Each structure stands twice: as structure tokens, then as C-alpha cells.
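One structure below.
All ligand and atom numbering here is 1-based and tracks the order in the structure. From a predicted model like this one, the values you see are computed outputs, not experimental measurements.
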Amino acid sequence: MSVRIAIIGGTGVYDPNILTGIRDEKVSTPYGDVGLKIGDYQGKSVAFLNRHGAGHSVPPHLVNYRANIAALKELGVKSIFATAAVGSLNEKMAPGHFVFADQFLDFTKVRKHTFFEGGEQGVVHTDVTDPYCPELRQVLAQAAGEFGLHYHNGGIYVTTEGPRFETPAEIKMLKLLGGDLVGMTSVPEVVLAREKEMCYVNISMVTNFAAGISPTKLTHQEVLEVMAENAENLRKLAMKAIAL
Ligand code: HPA
């Protein structure tokens, strides 16, 4: 059975345990080998890729985004559901809420962000008017509504380089620019998926108000704890969306 759907599990989502018949696969790409799992869910074959590798060992700026997306393309994947832990700049998007981003702002610095580097690949300027698949966002909104989750269909995801969190001054600037969410991974992942003409959707889980908005200092532990509290909802949501 060909694999049409993939989940990219971000921080706190390491476990595809709702899938059955799970097997490990290694996919070779021009950008490196990618280990992932493939299983079944309601008659559909689904790939699960852990963005940060085994034991959260790869920091956001060193994730091999090109290999990951190329591997999913190689498998025949058409639709990608990508989870992300994010901070919020928007008081309406509180910890525990889900946001399906519809736009991004890119503040990354050192990443391989395109498949098209001239030479054999050529020069291609990809349209990103709708970077995140509007149809899949609708599917997620329907699933989230059915579960009674707090969700927002649309939001501007600011991608920072990390791995450090932001300064309060940076957060103030990003808020002025219109950002709603801040995280470290959506760019270049979404852009590479667009370059490969795959339908990509972001499932952001707000874990905290961003630096300077939150009254307390931010820790990775706090992010993991909020993700753990909501991991079950996140998994249910992804699976429901896949089944729709
Ligand atoms: N900033 C950047 N990335 C994050 C945050 C944050 O506040 N929370 C979770 N991921």
C-alpha cells in the first residue's frame, strides 16, 4: 500500500502508538538517510517521522529538513501533518490551545532552506501565497471542533533560529510585525514541502506565553510538561484528521 499521509512529530510527540502494524523504514535521499516508522490507521498507511530524532537529539537549527521532506516525497506522501510546540504572542492563543497556522514570518539564519540551488536542480521561485494547505486546515478545524478543543484556524507563525528562546525585546518586535506564535521549526519545513508540491499543514500547540509576556522565565521543561498534558489531545486530533 502506498503511503499518502505523514505525521511529523515535533517536541513532545515522539510516539505513533495509535498506528498498528508499525515497522521501521530507512529512506535514502540525496541529502542523507532518514529513519521513520510506517503503520496503519483505519485502512490508511501512515508514515511517522520524529523531527528531532531519537531522544530529541537534534536541535531545531540542525534538523535535516531537506532529507526529511525528500524522504516523505520518495514514499509517495501527499499530505503532511506537522506538529509543533510554540510560544504565543497573542493573548487569545493561550497555553493548551491549538493553532493551525496560515502564514509564517521567517527569522531563521543558517538552514538549508531550498531544494533549488542552481545547477541540475535549476532556479525555482516557489509560490507561498498559501504556505499551509487550506483544505487540510479545514479538516483539522472540523476535527478539533468535534473534540471540543480550543483551536484557532489561522495564525502567523514566526520561526526563530533557536536553539535559545527569544529576548523580550525580540518578542515585542515580532508582535509589532503581526506574529501570533513563535517556534523554531516551521521554516524551512513548510517551504520544502511546497517546493515538492506536497500539502502541508501545521498543528501548533501553545505551550507558553512568549518571553516578556509570560511573568516567569521560560524553560524547555515547562514546554515539555505542557506538551505532555496535551499530547493525547494532539494525537487524537491528528488521527481524527487523518480519518476524515
Ligand atoms: N519560543 C520559541 N520556541 C518555542 C517557544 C517559545 O516561546 N515555546 C515552545 N517553543
Subject >> Short side-chain to backbone donor-acceptor contact, R66 and T114, under 3.5 Å >> reply: yes
Subject >> Electrostatic pair K240-E146, nearest N-O below 4.0 angstrom >> reply: yes
**OP:** With heavy atoms under 4.0 Å as the rule, classify the contact between N208 and ligand 1 as side chain, backbone, both or neither.
**Re:** side chain
Original post:
Among protein heavy atoms, which sits nearest to atom 2 (C) of ligand 1, and what does the distance come to when rounded to 0.1 Å?
Top reply: E166 OE2, 3.2 Å
Subject >> Residue M184 vicinity, atoms of ligand 1 by number, heavy atom under 4.0 Å >> reply: 2 (C), 3 (N)
Subject >> SB check E170 R164 (cutoff 4.0 Å) >> reply: yes
Original post:
Is it true that the NZ or CZ of K196 lies under 6.0 Å from the centre of F115's six-membered ring and within 45 degrees of the ring axis?
Top reply: yes
**OP:** Considering only non-hydrogen protein atoms, determine which one is nearest to atom 5 (C) of ligand 1 and report residue, atom name and distance to 0.1 Å.
**Re:** G87 N, 3.3 Å
Subject >> Distance-only N or O hit between ligand 1 and A210, under 3.5 Å >> reply: no
Subject >> Numbered atoms and elements of ligand 1 in range of A85, under 4.0 angstrom, heavy atoms >> reply: 9 (C), 10 (N)
Original post:
Side chain, backbone, both or neither: which part of T207 comes within less than 4.0 Å of ligand 1 when only heavy atoms are counted?
Top reply: side chain
**OP:** Please say whether the positively charged group of K112, taken as NZ for Lys or CZ for Arg, lies over the ring of Y31, i.e. under 6.0 angstrom from the six-membered ring centre and within 45 degrees of the axis.
**Re:** no
